[in-house]
Every structure is written in C-alpha cells, then in structure tokens.
Amino acid sequence: GSRTRDEVNAMAARNSKATLEEVIQHLRQIQSAGVVAVAALRHQSAERDEDIANVLQHSVVDALEDQIEKTEGVLRSL
C-alpha cells in the first residue's frame, strides 16, 4: 500500500488542520486566564491595578485575539 501524492497531501492537510485547531483552543484557554486576571484586578481597584489590567488587556488578551484570528484565517484557507 503506497499512497498517492493526493492522499499524502490530504493527510497532511488534515494533520495541519487538527494542529491549528489545537493551537486555537490553547490560545483561547490562555486568553481566558488573561480575561479573568484583568477582571480581578479591575474589581479589587487598588492603586495600580487598573494600569496593570490595561497592560494585560492590550498586551496579552488583545494580542492573543489577533493571533487567534490570524490562525483561524490560515485554518480556513486549508
């Protein structure tokens, strides 16, 4: 049983899609942790917490969303 080039390409595409889906899921889990941290900081409202929450929101949560969207675009193109 040797496989044709088309079969090998189809298997590679399925593996790539599965890997990208896993990466997206992992990024969303990390993003959720960031969202919880931002909410907790804003809720306790200590002196520098709002500043820290803003940094986390923009540098982590929003950056992760950008990467998730790019990865989903690649996934759709496969």
Side-chain angles (χ1 to χ4, degrees):
S2 67
R3 295 191 167 103
T4 67
R5 181 172 293 169
D6 287 343
E7 289 173 324
V8 170
N9 288 340
M11 285 175 47
R14 281 192 300 276
N15 287 340
S16 295
K17 287 180 182 182
T19 299
L20 287 174
E21 288 168 352
E22 185 178 318
V23 167
I24 290 167
Q25 180 181 2
H26 190 223
L27 290 174
R28 289 225 179 267
Q29 290 169 347
I30 295 167
Q31 185 183 37
S32 293
V35 168
V36 169
V38 167
L41 286 166
R42 289 189 171 141
H43 179 72
Q44 70 185 28
S45 296
E47 186 177 329
R48 302 295 296 172
D49 287 352
E50 185 63 29
D51 293 337
I52 296 167
N54 288 336
V55 168
L56 279 173
Q57 180 67 48
H58 297 293
S59 299
V60 177
V61 176
D62 294 347
L64 282 167
E65 184 60 33
D66 291 343
Q67 292 305 306
I68 290 166
E69 289 174 3
K70 287 178 185 175
T71 306
E72 287 173 336
V74 171
L75 182 61
R76 284 190 297 273
S77 72
L78 293 178

Please list every donor-acceptor pair under 3.5 Å in which a side-chain atom of residues 52-64 meets a protein atom from a residue at least two apart or in another chain.
| from | atom 1 | to | atom 2 | distance (Å) |
| --- | --- | --- | --- | --- |
| N54 | OD1 | R42 | NH2 | 2.6 |
| N54 | ND2 | E50 | O | 3.3 |
| Q57 | NE2 | D62 | OD1 | 2.9 |
| H58 | ND1 | D62 | OD2 | 3.3 |
| S59 | OG | V55 | O | 3.2 |

Determine all donor-acceptor pairs shorter than 3.5 Å in which one atom belongs to a side chain in residues 69-78; sequence neighbours excluded.
| from | atom 1 | to | atom 2 | distance (Å) |
| --- | --- | --- | --- | --- |
| T71 | OG1 | Q67 | O | 2.8 |
| E72 | OE2 | R28 | NH2 | 3.3 |
| S77 | OG | V74 | O | 2.6 |

Got a second to check how far R14's CZ is from N9's CG, nearest 0.5 Å? 10.5 Å

Hits for salt bridge (Lys or Arg N to Asp or Glu O under 4.0 Å) against R48, two or more places apart or cross-chain, chain-then-number order -> D51

Test side-chain contact (heavy atoms from CB on, under 4.5 Å) applied to Q44 - qualifying residues, sequence neighbours left out: L41, D49

How would you list, by chain and number, every residue that makes a side-chain contact (heavy atoms from CB on, under 4.5 Å) with T4, sequence neighbours excluded?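 Scan of T4 (side-chain contact (heavy atoms from CB on, under 4.5 Å), adjacent residues dropped) gives D6, E7.
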
Pairs involving residues 17-26, ordered by first then second residue, that meet salt bridge (charged side-chain N to carboxylate O under 4.0 Å, His left out) (sequence neighbours left out):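 Sorted result for residues 17-26: empty, none.
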
Listed once per pair and sorted, the salt bridge (charged side-chain N to carboxylate O under 4.0 Å, His left out) pairs that draw on residues 30-40, sequence neighbours left out: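 Of all non-adjacent pairs touching residues 30-40, none passes salt bridge (charged side-chain N to carboxylate O under 4.0 Å, His left out).
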
